[in-house]
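Just so it is clear, the structure is predicted and the values come from calculations on it, not from any experiment.
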Amino acid sequence: MEVSSRIIPRRLTFAMASHAERRWLDGDLFRTALFDCFSLFLPEGERFFLRTMGQLARQSNDEALKGDIRRFCLQESNHLRAHEDYNQGLRRIGHDVDRMERGVRRLLRDRARDPLDALAKTCAIEQITASLAVAVLRHPEIMAGASARYRRLWMWHSLEELEHAGVALRGLKAATLGMSGFRRYWLRTWALTFMTAWISHHLTLNVMRYVRRDGQKVGIGFYVKLLAALFGRRGPARHALGSFLRYYLPGYDPDRSHDMALVERARAVFEREIAAAEPRA
């Protein structure tokens, strides 16, 4: 199956702002906070992807790659709208979204000036989100007990992340044809290491702010609960780790390692979810 046939933009409306919930993930504050705080990174991240990949498409002569970038951008534009709405819901229930988004704006809007650096960072963030997507779709226990609206949004986002998982990295290869394999490997793995450290730091800060808003104290117990939410039996980081680490393999290619069986199962499950959510005549 060609890559382009796997990338299916779906413009859906979840109305998250008008249906925002607290502790929507099985009543668990910390597990809910992880996903809500990850959503805080996404609108600015998706604007960054659109700028970076749009520039690459304009400079490319590869029509197949340009077609996949166009579909990638359509999916990311839809994600941008959905997560802006999601984050507006977080504002409505009392979170300081502007403060929590400030760090990602500084990194991706103000500091990402070099096109190649921006492309390497795009690949890195895409690997992180694709790894989370594999965890969510392969391990339904992660979303067990989630409110239906939130579960559908994260399933939709995860499915589309896997559909376009290899596009940015193929773009990086196309943009660095004159670069040695070792230099390209160093560029992409350094970017992943940097972005993982940066996201982990800011995610922790934002979860701190989030749980304080809920009346929780931040001390040793905070870190124990955070690590349990990340790496416990239903922790997304625990189940994403294998997919994440594969990026460090020389010659890593998401298109070749793409789990199409998982994607097809996820499509079928998601279609049933959407059908069940449609109003009856």
**Student:** Verify side chain to side chain contact (heavy atoms under 4.5 Å, CB included) between Leu132 and Phe244, making sure each step is shown before the conclusion.
**Tutor:** CA-CA 8 Å; Leu132 176 62; Phe244 170 83; over 6 Å; no
**Student:** Output yes when a side-chain donor or acceptor of Asn206 lies under 3.5 Å from a complementary backbone atom of Cys37, and no otherwise.
**Tutor:** no
**Student:** Which distance, rounded to the nearest 0.5 Å, do you find between the CD1 of Ile8 and the CZ of Arg71?
**Tutor:** 10.5 Å
**Student:** What do the steps show when you test Trp190 against Phe194 for ring-ring contact (aromatic ring centres under 6.0 Å, His included), and what is the final call?
**Tutor:** CA-CA 6 Å; Trp190 174 87; Phe194 172 81; 5.4 Å; yes
**Student:** How far apart are the C-alpha atoms of Phe222 and Phe30, what are their side-chain angles, what is the distance that settles it, and do they pass the ring-ring contact (aromatic ring centres under 6.0 Å, His included) test?
**Tutor:** CA-CA 9 Å; Phe222 165 83; Phe30 277 78; 5.7 Å; yes
**Student:** Same cluster or not: Phe48 versus Leu74, using hydrophobic residues (I, L, V, M, F, W, Y) connected whenever any side-chain heavy atoms lie under 4.5 Å apart?
**Tutor:** no
**Student:** Is there a chain of hydrophobic side chains (I, L, V, M, F, W, Y, each step under 4.5 Å between heavy atoms) that links Leu50 to Met53?
**Tutor:** no
**Student:** Whether the Trp156 and Asn78 side chains hold a donor-acceptor pair (N or O, under 3.5 Å, no angle test) is what I'd like checked.
**Tutor:** no
**Student:** Quick check: are there more than 12 heavy atoms from other residues, nucleotides or ligands sitting under 6.0 Å from CZ of Arg183?
**Tutor:** no
**Student:** Under 3.5 Å, side chain of His239 to main-chain N/O of Arg233, donor-acceptor pair present?
**Tutor:** yes
**Student:** Please say whether more than 12 non-hydrogen atoms of neighbouring residues, nucleotides or ligands are located less than 6.0 Å from CD1 in Ile220.
**Tutor:** no
**Student:** Using only heavy-atom distances, determine whether the side chains of Glu46 and His83 contain a donor-acceptor pair under 3.5 Å.
**Tutor:** no
**Student:** Can you measure from OG (Ser131) to CG (Leu245) and round to the nearest 0.5 angstrom?
**Tutor:** 8.5 Å
**Student:** On the ring face of Tyr247, is Arg188 found with NZ or CZ under 6.0 Å from the centre and within 45° of the axis?
**Tutor:** yes
**Student:** Hey, is Glu163 close enough to Arg10 for a salt bridge, meaning N to O under 4.0 Å?
**Tutor:** yes
**Student:** Atom CH2 of Trp24 and atom OG1 of Thr32: how far apart are they, to the nearest 0.5 Å?
**Tutor:** 6.0 Å
**Student:** To the nearest 0.5 angstrom, please state how far the CG atom of Leu56 sits from the CD1 atom of Ile69.
**Tutor:** 4.0 Å
**Student:** Under a 4.5 Å cut-off applied to non-hydrogen side-chain atoms, are Phe35 and Met143 in contact?
**Tutor:** yes
**Student:** Working to the nearest 0.5 Å, report the span between CG of Asp36 and CE of Met100.
**Tutor:** 8.5 Å
**Student:** Applying salt bridge (Lys or Arg N to Asp or Glu O under 4.0 Å), which residue pairs with at least one partner in residues 205-218 are found, sequence neighbours left out?
**Tutor:** Arg23-Asp214
**Student:** Would you mind reporting whether Arg102 and Leu107 have side-chain heavy atoms less than 4.5 Å apart?
**Tutor:** no
**Student:** For residues Pro236 and Ile142, report the shortest heavy-atom separation together with the two atoms involved.
**Tutor:** CA-CD1, 4.0 Å
**Student:** Using 30° and 60° as the class limits, which term best fits the ring planes of Phe38 and Phe41: parallel, tilted or perpendicular?
**Tutor:** perpendicular
**Student:** Determine, step by step, whether Lys66 and Asp62 satisfy the salt bridge (Lys or Arg N to Asp or Glu O under 4.0 Å) criterion, reporting the C-alpha distance in whole Å, the side-chain angles of both residues, the deciding distance to 0.1 Å, and the verdict.
**Tutor:** CA-CA 6 Å; Lys66 288 172 75 169; Asp62 184 333; over 6 Å; no
**Student:** How far apart are the C-alpha atoms of Val104 and Leu40, what are their side-chain angles, what is the distance that settles it, and do they pass the side chain to side chain contact (heavy atoms under 4.5 Å, CB included) test?
**Tutor:** CA-CA 9 Å; Val104 69; Leu40 292 167; over 6 Å; no
**Student:** Evaluate the criterion salt bridge (Lys or Arg N to Asp or Glu O under 4.0 Å) for residue pair Arg234 and Asp26; output intermediate values, then yes/no.
**Tutor:** CA-CA 11 Å; Arg234 293 191 286 173; Asp26 203 27; 3.0 Å; yes
**Student:** Identify whether Leu203 and Leu192 are in the same connected component of the hydrophobic contact network (ILVMFWY, side-chain heavy atoms under 4.5 Å).
**Tutor:** yes
**Student:** Under a 4.5 Å side-chain heavy-atom rule over Ile, Leu, Val, Met, Phe, Trp and Tyr, are Leu230 and Val224 clustered together?
**Tutor:** no
**Student:** Determine whether a donor-acceptor pair (N or O, by modelled atom type, separation under 3.5 Å) exists between the side chain of His19 and the backbone of Ala15.
**Tutor:** yes
**Student:** Would you say the side-chain atoms of Glu161 and His157 include a donor-acceptor pair closer than 3.5 Å?
**Tutor:** yes
**Student:** Should Leu169 and Leu172 count as side-chain neighbours, where that means a heavy-atom distance under 4.5 Å?
**Tutor:** yes
**Student:** If every non-hydrogen atom of Leu65 is compared with every non-hydrogen atom of Ala174, which pair is closest and at what distance?
**Tutor:** CD2-CB, 3.9 Å
**Student:** Of all the heavy-atom pairs spanning Ala33 and Tyr210, show the shortest one and how long it is.
**Tutor:** CB-CD2, 3.4 Å
**Student:** Does either side chain, that of Gln127 or that of Tyr252, offer a donor lying less than 3.5 Å from an acceptor on the other one?
**Tutor:** yes
**Student:** Do Leu42 and Glu84 make a side-chain contact, defined as non-hydrogen atoms from C-beta onward lying under 4.5 Å apart?
**Tutor:** no
**Student:** Test your reading of the model: is there a side-chain donor-acceptor pair from Ser158 to the backbone of Trp154, 3.5 Å cut-off?
**Tutor:** yes
**Student:** Provide the closest heavy-atom pair for Gly45 versus Leu108 in the form atom of the first, atom of the second, distance.
**Tutor:** CA-CD1, 3.7 Å
**Student:** Consider side chain to side chain donor-acceptor pair (under 3.5 Å). Of Arg81, Glu76, Gln75, which one does His79 pass it with?
**Tutor:** Glu76
**Student:** Just by distance, no angles: are the side chains of Gln55 and Arg58 close enough, under 3.5 Å, to form a donor-acceptor pair?
**Tutor:** no
**Student:** Find out whether Val167 and Glu126 are in side-chain contact, i.e. whether some heavy atom of one side chain is under 4.5 Å from a heavy atom of the other.
**Tutor:** no
**Student:** Taking Arg138 for the side chain and Leu262 for the main chain, is one N or O donor matched with an acceptor at less than 3.5 Å?
**Tutor:** no
**Student:** Just how far is it from atom OG of Ser147 to atom CD of Glu21, taken to the nearest 0.5 Å?
**Tutor:** 3.5 Å
**Student:** Flag the pair Leu159 / Arg267 as yes when at least one side-chain heavy-atom distance between them is below 4.5 Å, and no otherwise.
**Tutor:** yes
**Student:** Decide, yes or no, whether a salt bridge links Arg47 with Glu44 under the criterion of side-chain N to carboxylate O below 4.0 Å.
**Tutor:** yes
**Student:** Does Asp98 CG have over 12 foreign heavy atoms under 6.0 Å away?
**Tutor:** yes
**Student:** Group every Ile, Leu, Val, Met, Phe, Trp and Tyr by side-chain heavy-atom contacts under 4.5 Å, then state whether Leu226 and Ile199 land in the same group.
**Tutor:** yes
**Student:** What heavy-atom pair brings Ala144 and Leu25 nearest, and what distance separates the two atoms?
**Tutor:** O-CD1, 4.1 Å
**Student:** Ser243 and Arg246: side-chain donor and acceptor closer than 3.5 Å?
**Tutor:** yes
**Student:** When the ring centroid of Tyr86 is compared with that of Tyr150, is the distance short of 6.0 Å?
**Tutor:** yes
**Student:** Which atom pair, heavy atoms only, marks the closest approach of Leu137 to Pro140?
**Tutor:** O-CD, 4.4 Å
